[in-house]
A.B. asks: 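Next up is a structure, given as structure tokens.
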Amino acid sequence: MFFGSIRRLSRRNHFDASHLWREIHQSVQRPSFGIAFDIDGVVLRGSSPIDGSSLALKRLYADDGTLKFPFLFLTNGGGIPETKRASELSKLLDVEISTLQVVQGHSPFKGLVSRFENELIVAIGKGEPAEVMSNYGFNNVISMDEYVSFFENIDPLSRYKTWAAGQNSKARTSMKTSNPIDHPHRTRVKAAFIVSDPVDWGRDIQVLCDILRSGGLPGEENGFQPSLFFAADDLEYQAAFPCKRLGMGAFRLALESIFNRISHNPLQYTSFGKPNLVAFKSAEGVLEQLRSMICKESQKEKYGCREVDAFNTLYMIGDNPSVDIIGAEKAGRPWFSILTRTGVFREEGNHSEFPADLVVDSVVEAIDYILKREGV
């Protein structure tokens, strides 16, 4: 019936049937491009959507709400599990975001589970850093709040922190139900993970110096430094406040400067997140998974999905030249960088040191450009 309808339509309207077949075939081709969005300063400012971002994202979905073109959020932010972040983004942006579409700065920590699975590790940062690491498969993880509660006087300024009153008792209660280590103060820490932006810089720098200088057991003398990992290393980011805020990279600089002044050996650490190549390679893999899922959805249609060998273009839409743009440049082809003026970058023209392939005023213009360039 379908074939007959096309023949009748062609005769009735003097269509070029071959042209119609080409259009049908193209409509079920696997998407040849993918998009990676930064979050803060691109689609959100704080917890509020940037004007037009929700409607712009909806253009990447079919009328029935299914994903039409592969995209994900590639962010240095974090502190909560990807499942919760996806749910949060779905509500704020009014589109259905899957867990797979959220790649946070700490997502690559999953690759370190085999190395530290049953070792005592400390998770530092805002939000739920210990829950994040536990969900990844680390069995003996403890948050910095929990860890500090086992050492009397380790934070000499704690009595002045009225905002932290009662925190230690709550931390220890949660630790007893979630962590099998009964005596963290007698067990060596094998690694410290900065999962998200630390809240109490003074305390965390002090205790990290204790852990890292003592071989993982504060109060002892041991020159061996446990492993240290940062989920990201960006100096600044755009939040709800008009001016840029100091990011995890600033905390790393503060810790490193102090540690190198009081230790005989320089601080050893590994940073993940943008602009590191591993972040973009991880995004490429996820975008390919999303493209395969879109293809499987199209298999429900009669004509299936035509294969393409690789992405022609991967778009990185960000607001931070030193993180998003330089990262896409390092990753090389097929990455194409788009810089928005809604976050860290606010200048006219392009960035002088890290120029993007394209500069636009907003994510709305970015998506409009991509869809026109891709002919969809």
A.B. asks: Can you tell if the side chain of Leu339 reaches within under 4.5 Å of the side chain of Val360, non-hydrogen atoms only?
C.D. replies: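 Sidechains of Val360 and Leu339: no contact.
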A.B. asks: From Arg59 CZ over to Ile367 CD1, what is the distance, rounded to the nearest 0.5 angstrom?
C.D. replies: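 Answer rounded to 0.5 Å: 7.5 Å.
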A.B. asks: Quick one: pull up CH2 in Trp335 and NZ in Lys330 and give me the separation to the nearest 0.5 Å.
C.D. replies: 14.5 Å
A.B. asks: Can you tell me how far NZ of Lys58 sits from CD of Glu96, rounded to the nearest 0.5 angstrom?
C.D. replies: 12.0 Å
A.B. asks: Could you report the tightest heavy-atom contact between Val113 and Gly137, atom names first, then the distance?
C.D. replies: CG1-O, 3.8 Å
A.B. asks: Assess whether a salt bridge exists between Asp233 and Lys274, defined as any Lys/Arg side-chain N lying under 4.0 Å from an Asp/Glu carboxylate O.
C.D. replies: no
A.B. asks: Transitively linked via ILVMFWY side-chain contacts under 4.5 Å: Val359 with Tyr369?
C.D. replies: no
A.B. asks: Tell me if a side-chain donor or acceptor on Ser214 pairs with a main-chain N or O of Gly219 at a distance below 3.5 Å.
C.D. replies: no
A.B. asks: Is there a side-chain contact between Ile35 and Leu60 in this structure, where contact means two heavy atoms from C-beta onward sitting under 4.5 Å apart?
C.D. replies: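 Ile35 vs Leu60: side chains touch.
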A.B. asks: Any side-chain heavy atom of Thr75 sitting closer than 4.5 Å to one from Val103?
C.D. replies: no
A.B. asks: Return yes if some donor-acceptor pair links the side-chain N/O of Ser282 with the main-chain N/O of Val278 below 3.5 Å, else return no.
C.D. replies: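 Not a single qualifying donor-acceptor pair exists.
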A.B. asks: Between Glu256 and Leu253, is there a donor-acceptor pair closer than 3.5 Å when you use the side chain of the first and the backbone of the second?
C.D. replies: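 Pair absent, no side-chain N/O of Glu256 close to backbone of Leu253.
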A.B. asks: Return the CZ to CD1 distance between Arg252 and Ile194, rounded to the nearest 0.5 Å.
C.D. replies: 11.5 Å
A.B. asks: Looking only at heavy atoms, what is the nearest atom pair of Glu347 and Asn350, with distance?
C.D. replies: OE1-O, 4.4 Å
A.B. asks: Following the transitive rule for hydrophobic clusters with a side-chain heavy-atom cut-off under 4.5 Å over Ile, Leu, Val, Met, Phe, Trp and Tyr, establish whether Val42 and Val286 coincide in one cluster.
C.D. replies: yes
A.B. asks: State, without any angle test, whether Ser98 and Gln101 hold a side-chain donor-acceptor pair at a distance under 3.5 Å.
C.D. replies: yes
A.B. asks: Could you point out which residue of Asp40, Val43, Val344 forms a side chain to side chain contact (heavy atoms under 4.5 Å, CB included) with Asp319?
C.D. replies: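 When side chain to side chain contact (heavy atoms under 4.5 Å, CB included) is applied between Asp319 and each of Asp40, Val43, Val344, only Val344 qualifies.
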A.B. asks: Within the side chain of Arg291, is there an N or O that forms a donor-acceptor pair under 3.5 Å with the backbone of Pro31?
C.D. replies: yes
A.B. asks: Applying side chain to side chain contact (heavy atoms under 4.5 Å, CB included), run through Ile370 and Phe33 and close with a yes or a no.
C.D. replies: CA-CA 9 Å; Ile370 291 171; Phe33 69 95; 3.8 Å; yes
A.B. asks: Looking at Arg188 and Glu220, is there a salt bridge between them, counting it only when a charged N and a carboxylate O are closer than 4.0 Å?
C.D. replies: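 So Glu220 pairs with Arg188 through a salt bridge.
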A.B. asks: On the ring face of Phe259, is Arg213 found with NZ or CZ under 6.0 Å from the centre and within 45° of the axis?
C.D. replies: no
A.B. asks: For a quick check under 3.5 Å, do Glu374 and Tyr315 share a side-chain donor-acceptor pair by atom type?
C.D. replies: yes
A.B. asks: Check whether Ser149 reaches the backbone of Glu146 with its side chain - one donor and one acceptor, N or O, closer than 3.5 Å.
C.D. replies: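 Checking the backbone N and O of Glu146 against the side chain of Ser149, a donor-acceptor pair under 3.5 Å is found.
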A.B. asks: Are a donor atom and an acceptor atom from the side chains of Ser227 and Arg115 found within less than 3.5 Å of each other?
C.D. replies: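 On atom types as modelled, these side chains qualify, holding a pair under 3.5 Å.
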A.B. asks: Mind listing the closest non-hydrogen atom pair of Ala191 and Val189 along with its distance?
C.D. replies: O-CG1, 3.3 Å
A.B. asks: Same cluster or not: are Ile121 and Val132 linked, directly or through other Ile, Leu, Val, Met, Phe, Trp or Tyr residues, by side-chain heavy atoms under 4.5 angstrom apart?
C.D. replies: yes
A.B. asks: If you measure only the distance, is there a donor-acceptor pair under 3.5 Å linking the side chains of Glu82 and Tyr136?
C.D. replies: yes
A.B. asks: Looking only at heavy atoms, which two atoms of Ile326 and Ser322 are closest? And how far apart?
C.D. replies: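 Result for this residue pair: CG2-O, 3.0 Å.
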A.B. asks: Using the ring of each side chain (for Trp, its six-membered ring), is Phe193 parallel, tilted or perpendicular to Phe229, with breaks at 30° and 60°?
C.D. replies: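 If you compare the ring of Phe193 with that of Phe229, the planes turn out parallel.
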A.B. asks: Pick one: which of Lys84, Lys91, Arg85 meets salt bridge (Lys or Arg N to Asp or Glu O under 4.0 Å) with Glu88?
C.D. replies: Arg85
A.B. asks: Less than 4.5 Å apart, side chain to side chain, heavy atoms only: is that true for Leu314 and Leu287?
C.D. replies: yes
A.B. asks: Passes side chain to side chain contact (heavy atoms under 4.5 Å, CB included), Lys68 versus Val376? Steps please.
C.D. replies: CA-CA 11 Å; Lys68 189 175 182 181; Val376 296; over 6 Å; no
A.B. asks: Cation-pi check for Phe336 against Arg373: NZ or CZ below 6.0 Å from the six-membered ring centre and within 45 degrees of the axis, yes or no?
C.D. replies: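 That pair qualifies as a cation-pi contact.
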A.B. asks: Report yes if some heavy atom in the side chain of Asn140 is under 4.5 Å from a heavy atom in the side chain of Glu119; otherwise report no.
C.D. replies: no
A.B. asks: Could you check whether any side-chain heavy atom of Glu131 comes within less than 4.5 Å of a side-chain heavy atom of Pro81, counting everything from C-beta outward?
C.D. replies: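 A side-chain contact under 4.5 Å exists here.
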A.B. asks: Report the residue from Leu290, Val95, Ile97 that forms a side chain to side chain contact (heavy atoms under 4.5 Å, CB included) with Leu67.
C.D. replies: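 Result: among Leu290, Val95, Ile97, Leu290 is the only option passing the side chain to side chain contact (heavy atoms under 4.5 Å, CB included) with Leu67.
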A.B. asks: Inspect the contact between Glu284 and Lys281 and indicate whether a charged nitrogen and a carboxylate oxygen are less than 4.0 angstrom apart.
C.D. replies: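 Yes, Lys281 and Glu284 are salt-bridged.
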A.B. asks: Under 3.5 Å, is there a donor-acceptor pair between the side chain of Asn139 and the main chain of Asn118?
C.D. replies: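 It does not hold such a pair.
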A.B. asks: Using the test side chain to side chain donor-acceptor pair (under 3.5 Å), find all partners of Asn76 that sit at least two apart in sequence or belong to another chain.
C.D. replies: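 Asn76 satisfies side chain to side chain donor-acceptor pair (under 3.5 Å) with no residue once adjacent residues are dropped.
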A.B. asks: Is any side-chain heavy atom of Cys209 closer than 4.5 Å to a side-chain heavy atom of Leu255?
C.D. replies: yes
A.B. asks: Any donor-acceptor pair under 3.5 Å linking the side chain of Asn276 with the backbone of Ser271?
C.D. replies: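 Yes, Asn276 side chain to Ser271 backbone: donor-acceptor pair under 3.5 Å.
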A.B. asks: What pair of heavy atoms forms the shortest contact from Ala331 to Phe280, and how long is it?
C.D. replies: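 What the structure gives for the nearest pair is CB-CB, 3.8 Å.
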A.B. asks: Side chain to side chain contact (heavy atoms under 4.5 Å, CB included) for Leu208 and Phe251? Distances and angles first, verdict last.
C.D. replies: CA-CA 12 Å; Leu208 280 171; Phe251 177 82; 4.0 Å; yes
A.B. asks: Please check if any side-chain donor atom of Asp64 sits under 3.5 Å from a side-chain acceptor atom of Thr66, or the reverse.
C.D. replies: yes
A.B. asks: I'd like to know if the side chain of Ser337 reaches the main chain of Ile325, judged simply by a donor and an acceptor atom lying under 3.5 Å from each other, with no hydrogens or angles considered.
C.D. replies: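 Pair absent, no side-chain N/O of Ser337 close to backbone of Ile325.
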A.B. asks: Counting C-beta onward and ignoring hydrogens, is there a side-chain heavy-atom pair between Asn265 and Gln225 closer than 4.5 Å?
C.D. replies: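 In short, these two side chains do not touch, never coming nearer than 4.5 Å.
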A.B. asks: Is it true that Arg203 and Asp145 make a salt bridge, defined as a side-chain N closer than 4.0 Å to a carboxylate O?
C.D. replies: yes
A.B. asks: Looking at Asn260, I want to see if its CG is surrounded by more than 12 non-hydrogen atoms of other residues, nucleotides or ligands under 6.0 Å.
C.D. replies: yes
A.B. asks: Does Leu44 belong to the same Ile/Leu/Val/Met/Phe/Trp/Tyr cluster as Phe71, with side-chain heavy atoms less than 4.5 Å apart forming each link?
C.D. replies: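 In one cluster with Leu44: Phe71, yes.
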A.B. asks: Do the rings of His351 and Phe354 sit parallel, tilted or perpendicular, given the 30° and 60° boundaries?
C.D. replies: parallel
A.B. asks: Would Ile39 end up clustered with Leu100 when hydrophobic side chains under 4.5 Å apart are linked, directly or stepwise?
C.D. replies: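 Yes, one cluster joins them.
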A.B. asks: Would Arg245 and Asp197 pass as an ion pair if we require N to O under 4.0 Å?
C.D. replies: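 Judged by the 4.0 Å cut-off on N to carboxylate O distance, Arg245 and Asp197 do not form a salt bridge.
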A.B. asks: Check the orientation of Phe272 and Phe109. Use parallel for under 30°, tilted for 30 to 60°, and perpendicular for over 60°.
C.D. replies: perpendicular
A.B. asks: If the threshold is 4.0 Å, N to carboxylate O, is there a salt bridge linking Asp361 and Arg341?
C.D. replies: yes
A.B. asks: Could you go step by step and tell me if Ile50 and Val363 meet the side chain to side chain contact (heavy atoms under 4.5 Å, CB included) rule?
C.D. replies: CA-CA 9 Å; Ile50 292 175; Val363 71; 5.8 Å; no
A.B. asks: I'd like to know if the side chain of Ser134 and the backbone of Ala130 have a donor-acceptor N/O pair within less than 3.5 Å.
C.D. replies: yes
A.B. asks: Please name the pair of heavy atoms, one in Ala283 and one in Leu72, separated by the smallest distance, quoted to 0.1 Å.
C.D. replies: O-CD2, 3.6 Å
A.B. asks: Just by modelled atom types, is the Phe241 backbone N or O under 3.5 Å from a matching donor or acceptor in the Gln238 side chain?
C.D. replies: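 At least one qualifying donor-acceptor pair exists.
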